[in-house]
Structures are given as structure tokens and as C-alpha cells.
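Every value quoted in this text rests on a predicted model; they were computed, and no experiment measured them. Here, residue 1 is the first one in the sequence, and each next residue gets the next number.
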Amino acid sequence: MSDYFPSNFPRQSIAVTNNLVGSPQVDTNDVSGKIALKVAEAASDRKAGDILLLKVADVCYLADYFVLVTGYSRVQVRAIAEAIEEKVKQELQRRPLRVEGKSEASWVAQDYGEVIVHIMLPKEREFYNLEAFWGHAERIEFSTSVDGEGKPT
């Protein structure tokens with residue numbers, strides 16, 4: 001199986017401006033919001049694409065947030081997973097309860113309890129389409145370093 005690169009994948013990260021009125025925000029006063037933001041920041045640092053936070057607390061008992069990101073090669077998927085684990089460990093003193101898929105690196109799932117992280121290759125992300133499956137959850141787009149902020153909007 002060949003690796004994917006951004007030019008081969010039609011969905012690209014879109015920088016979203018911070019001046020949207022009424023846009024959903026991550027609650028940084030709770031632990032799950034802080035973890036979700038740190039995960040998104042670490043993924044952005046490793047040039048992950050299509051970073052999306054889904055606030056699923058009201059529609060799911062599994063977690064408060066899902067964080068979905070795209071890596072364009074197996075090496076990048078592993079690097080994103082490592083960066084997330086390191087940043088959350090260093091800044092929030094948390095380790096994932098469980099990590100799955102790191103050896104195959106086509107879809108890595110990290111379970112932090114309140115936050116579940118999905119790092120996927122484009123083909124897997126398109127096929128499983130978790131955004132549509134959890135479409136009734138609140139969507140929080142995470143702007144990438146393109147706009148210089150790296151904050152949810």
C-alpha cells in the first residue's frame with residue numbers, strides 16, 4: 001500500500017478565522033477540553049491535516065471529545081501519535097489508557113478516557129467517515145498554523 005500525500009487527497013485543512021460569531025469553543029476549564037486542545041496542538045505541530053474536534057459529551061457516553069486528524073503517510077501517522085503522547089504527558093501529566101493501531105499506522109486510536117484521538121490515513125478517514133457518523137455532535141474546527149494562531153474556532 002502506498003503512502004498518501006496532501007496533493008493526492010482532496011480534503012485539505014482549512015484555516016478558519018477566529019472572528020466567527022457564535023462559533024463553538026472548547027471549554028478549557030475542564031480537563032477534557034484541555035486534553036483535546038493539547039492533542040490538536042501536537043497534531044498541528046506535526047503538520048496533521050483536517051484537525052477536527054467533536055464534542056460528543058451530549059450524544060455519547062464513551063468520551064467528551066473525539067479528535068480526528070489526518071496523516072499523509074504511515075510515518076507521519078506514527079509521528080503525530082508520538083507527538084500527541086509526549087505533549088499530553090509533558091504538559092498535563094496524562095498517558096493514554098490504551099493505544100491501538102500504531103504498528104500498522106493506517107489508523108491509530110488513542111484513548112485518554114475523556115478524549116479519544118483518531119489519527120488516520122486519508123483513505124481510512126474517507127472510508128470510515130467518523131465525521132458523518134458523529135454528525136450530530138458539536139463540530140469544532142481547529143485552525144492550523146497557516147493563520148498563525150493554532151486555536152479552535
Side-chain angles (χ1 to χ4, degrees), residues 1-16 24 26-27 30-146 150-153:
M1 182 176 192
S2 64
D3 290 334
Y4 295 88
F5 297 96
S7 62
N8 297 343
F9 188 54
R11 296 178 33 191
Q12 296 294 317
S13 292
I14 300 171
V16 182
V26 174
D27 183 7
D30 68 75
V31 174
S32 57
K34 288 178 185 175
I35 294 171
L37 280 178
K38 291 300 173 192
V39 165
E41 289 170 8
S44 180
D45 291 345
R46 290 287 179 203
K47 308 295 186 225
D50 294 322
I51 300 171
L52 176 65
L53 288 77
L54 293 176
K55 189 172 183 178
V56 295
D58 295 335
V59 296
C60 171
Y61 66 89
L62 297 173
D64 293 337
Y65 290 92
F66 285 173
V67 181
L68 309 172
V69 304
T70 300
Y72 297 102
S73 71
R74 293 175 190 274
V75 172
Q76 186 186 23
V77 167
R78 282 189 200 102
I80 293 167
E82 292 293 330
I84 289 170
E85 288 178 27
E86 186 62 28
K87 186 170 191 108
V88 174
K89 178 181 157 190
Q90 291 296 321
E91 296 187 22
L92 300 174
Q93 293 73 47
R94 295 284 301 264
R95 293 177 187 252
L97 303 172
R98 171 164 272 202
V99 177
E100 294 291 333
K102 205 183 258 187
S103 60
E104 299 86 16
S106 60
W107 179 356
V108 175
Q110 298 171 316
D111 182 358
Y112 283 94
E114 306 95 327
V115 177
I116 299 176
V117 183
H118 299 275
I119 310 158
M120 307 166 105
L121 288 173
K123 187 175 182 181
E124 281 73 9
R125 186 151 177 191
E126 183 179 2
F127 180 79
Y128 291 103
N129 200 5
L130 295 178
E131 294 93 328
F133 186 78
W134 294 101
H136 49 291
E138 183 179 351
R139 295 173 63 102
I140 303 167
E141 299 284 343
F142 186 85
S143 58
T144 60
S145 57
V146 171
K151 296 179 182 175
T153 56

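The shortest heavy-atom contact between Arg46 and Ala83 is CG-CB, 3.5 Å. Smallest separation of non-hydrogen atoms from Arg125 and Gly49: NH1-O, 3.8 Å. Taking every heavy atom of both residues into account, Lys38 and Lys87 meet most closely at O-CD, 3.6 Å. Ala43 approaches Ile84 most closely through the heavy-atom pair N-CG1, 4.2 Å. Residues Tyr65 and Val56 come closest through the heavy atom pair N-CG2, 4.0 Å. Nearest heavy atom pair, residue Pro96 against residue Val99, reads CG-CG2, 3.5 Å.
Between the CD1 atom in Ile119 and the OG atom in Ser106 there is a gap of 11.5 Å [rounded to 0.5 Å]. To the nearest 0.5 Å, the span separating CG on Leu97 from CZ on Arg95 amounts to 12.0 Å. Between the CG atom of Leu130 and the CG atom of Leu54 there is a distance of 8.5 Å, given to the nearest 0.5 Å. In this structure, CD in Glu131 is found 10.5 Å from CD in Glu126, a value given to the nearest 0.5 Å. In this structure, the separation between OG1 on Thr70 and CD1 on Ile80 is 8.0 Å, given to the nearest 0.5 Å.
Taking 4.5 Å as the limit, every side-chain heavy atom of Asp50 sits out of range of all side-chain heavy atoms of Leu68.
A donor-acceptor pair under 3.5 Å links the side-chain atoms of Arg78 to the main chain of Ser103, judged by distance alone. Counting only distance, with no hydrogens or angles, the side chain of Arg74 and the backbone of Glu104 share a donor-acceptor pair below 3.5 Å.
Phe66 and Trp134 have perpendicular rings, their planes meeting at more than 60° on a 0 to 90° scale where under 30° would count as parallel.
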List the atom pairs, donor and acceptor, that lie under 3.5 Å between side-chain atoms in residues 110-117 and the rest of the protein, sequence neighbours left out.
unit_1: Gln110; atom_1: NE2; unit_2: Ala81; atom_2: O; d: 3.1
unit_1: Gln110; atom_1: NE2; unit_2: Glu85; atom_2: OE2; d: 3.1
unit_1: Asp111; atom_1: OD1; unit_2: Gly113; atom_2: N; d: 2.7
unit_1: Glu114; atom_1: OE1; unit_2: Arg94; atom_2: NH2; d: 2.9

